[in-house]
Asker: 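Please see the structure below; I have some questions.
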Amino acid sequence: MDRFTIAGLAGAVVVLVALWLFPSVLFPNPGANDAPILWNAPIPLVGLTLLACVAAVVYDRSKASSIATSTALGIFLIGVAVAFLIGLATFANLSNDRYWPFLLSPVVFAPAGLAVLVVGLAGRSINGIEVGRGIVLGGAATLFLIVWMLARGSRDWLLAPYGFDITLLIALEAAVVFLIGRRQRLPRQVGLS
């Protein structure tokens with residue numbers, strides 16, 4: 001492994017530990033109505049994450065990069081919708097409005113994931129190996145999110161920070177998926193003159 005990869009992995013571990021500890025450090029004894037500003041904070045962060053994903057795919061497409069990135073981001077965004085549906089089925093209660101993300105997120109993330117796949121793959125030659133890499137990367141990121149959400153459980157949504165840490169995790173995972181996907185470079189084509 002090169003130094004960049006080791007530093008990136010170490011940085012990712014530090015960020016994940018900080019993100020896991022974030023709610024308990026900022027809100028050691030959270031009440032039901034602490035930090036109400038965080039109730040709506042995920043909305044703009046989700047919007048920025050989705051815009052960044054679409055912009056990243058458009059940028060990647062303009063650079064004629066591997067389709068693994070587009071595939072991975074699309075699969076991950078669809079996976080976010082699946083993660084919220086699993087959370088809804090596992091521990092959410094439809095009579096409590098604090099679980100609104102479990103109802104709204106699939107409606108937002110699934111179409112965004114499909115849009116990313118269409119924009120990233122339309123009109124490009126499809127390489128099965130690159131698509132497979134993208135599916136594995138996006139699927140791994142989705143699995144990590146599902147495990148994280150289930151481990152945090154319902155308390156993370158009922159008390160401060162009301163799932164804001166999950167929204168941060170989704171944004172960070174999308175960035176990591178993009179960066180890892182970008183490392184899959186296409187071989188340069190040699191033109192005959």
Side-chain angles (χ1 to χ4, degrees), residues 7-27 35-61 65 68-88 92 98-117 119-120 134-153 156-157 159-183:
L9 288 173
V13 168
V14 168
V15 168
L16 287 174
V17 168
L19 196 55
W20 184 265
L21 295 176
F22 160 71
S24 59
V25 170
L26 255 51
F27 306 101
I37 194 167
L38 291 177
W39 290 342
N40 295 322
I43 295 170
L45 185 56
V46 165
L48 287 172
T49 301
L50 294 176
L51 285 174
C53 286
V54 171
V57 168
V58 169
Y59 172 79
D60 228 32
R61 190 178 165 89
S65 297
T69 304
S70 302
T71 305
L73 278 174
I75 294 297
F76 174 65
L77 293 177
I78 293 168
V80 170
V82 170
F84 277 94
L85 290 174
I86 290 171
L88 177 64
R98 300 275 168 90
Y99 291 114
W100 67 267
F102 290 91
L103 294 172
L104 298 179
S105 294
V107 175
V108 174
F109 280 100
L114 289 173
V116 164
L117 284 173
V119 168
I135 290 171
V136 168
L137 179 57
T142 298
L143 183 61
F144 185 82
L145 176 64
I146 291 169
V147 169
W148 186 286
M149 283 178 63
L150 293 177
R152 296 305 285 229
D156 201 47
W157 301 93
L159 303 173
Y162 314 110
F164 181 67
D165 55 324
I166 301 293
T167 310
L168 285 173
L169 177 65
I170 291 167
L172 289 171
E173 277 193 287
V176 168
V177 165
F178 175 75
L179 292 173
I180 291 174
R182 292 270 303 153
R183 296 204 59 158

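Since this is a predicted model, take the numbers as computed values, not measurements.
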Asker: Is Phe27 close to Leu159 at the side-chain level, that is, under 4.5 Å between some pair of heavy atoms?
Answerer: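 Answer no - side chains too far apart.
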
Asker: Please give me the minimum heavy-atom distance between Pro101 and Trp157, naming the atom from each residue.
Answerer: CG-CZ3, 3.7 Å

Asker: Please tell me if the side chains of Phe164 and Leu26 come closer than 4.5 Å, counting only heavy atoms from C-beta onward.
Answerer: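 With C-beta onward as the side chain, the pair stays apart.
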
Asker: Kindly give the heavy-atom pair with the smallest separation between Asp165 and Pro23, and that separation in Å.
Answerer: OD2-CG, 3.4 Å

Asker: What are the two closest heavy atoms between Ser70 and Leu117, and how far apart are they?
Answerer: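 Minimum heavy-atom separation between Ser70 and Leu117: O-CD2, 3.9 Å.
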
Asker: Nearest heavy-atom pair of Gly120 and Val57: which atoms, and what distance?
Answerer: CA-CG1, 3.5 Å

Asker: What's the spacing between Thr167 OG1 and Leu48 CG if we round to 0.5 Å?
Answerer: 12.0 Å

Asker: Are Leu145 and Glu173 close enough that some pair of their side-chain heavy atoms sits under 4.5 Å apart?
Answerer: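 Yes; the side chains approach each other to less than 4.5 Å.
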
Asker: Is the backbone of Phe102 close enough, under 3.5 Å, to the side chain of Ser105 for a donor and an acceptor to pair up by distance?
Answerer: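 Judged by distance alone, no pair lies under 3.5 Å.
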
Asker: In this structure, which one of Leu77, Val116, Ile170 forms a side chain to side chain contact (heavy atoms under 4.5 Å, CB included) with Leu50?
Answerer: Leu77

Asker: So do the side chains of Asp156 and Pro161 get within less than 4.5 Å of each other, counting heavy atoms only?
Answerer: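 Touching, per the 4.5 Å side-chain cut-off.
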
Asker: The criterion is side chain to side chain contact (heavy atoms under 4.5 Å, CB included); which residues satisfy it with Ile43, sequence neighbours excluded?
Answerer: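 Here the qualifying residues are Asn40, Trp100.
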
Asker: I want to check a possible cation-pi pair here: Arg152 against Trp20, using under 6.0 Å from ring centre and within 45° of the ring axis as the test.
Answerer: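 Ring-cation test returns yes.
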
Asker: To the nearest 0.5 Å, what is the distance between CG on Leu45 and CG on Leu168?
Answerer: 5.5 Å

Asker: With respect to Ile75, which candidate in Val136, Val80, Leu137, Ile135 satisfies the side chain to side chain contact (heavy atoms under 4.5 Å, CB included) definition?
Answerer: Ile135

Asker: Considering non-hydrogen atoms only, spot the tightest contact between Cys53 and Leu73 and give its length.
Answerer: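 In terms of heavy atoms, the two residues are closest at SG-CD2, 3.9 Å.
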
Asker: Using a 4.5 Å cut-off on heavy atoms from C-beta on, say whether the side chain of Phe84 contacts that of Leu88.
Answerer: no

Asker: Check Val177 against Ala72 and note the closest heavy-atom contact, atom names and distance.
Answerer: CG1-CB, 3.5 Å

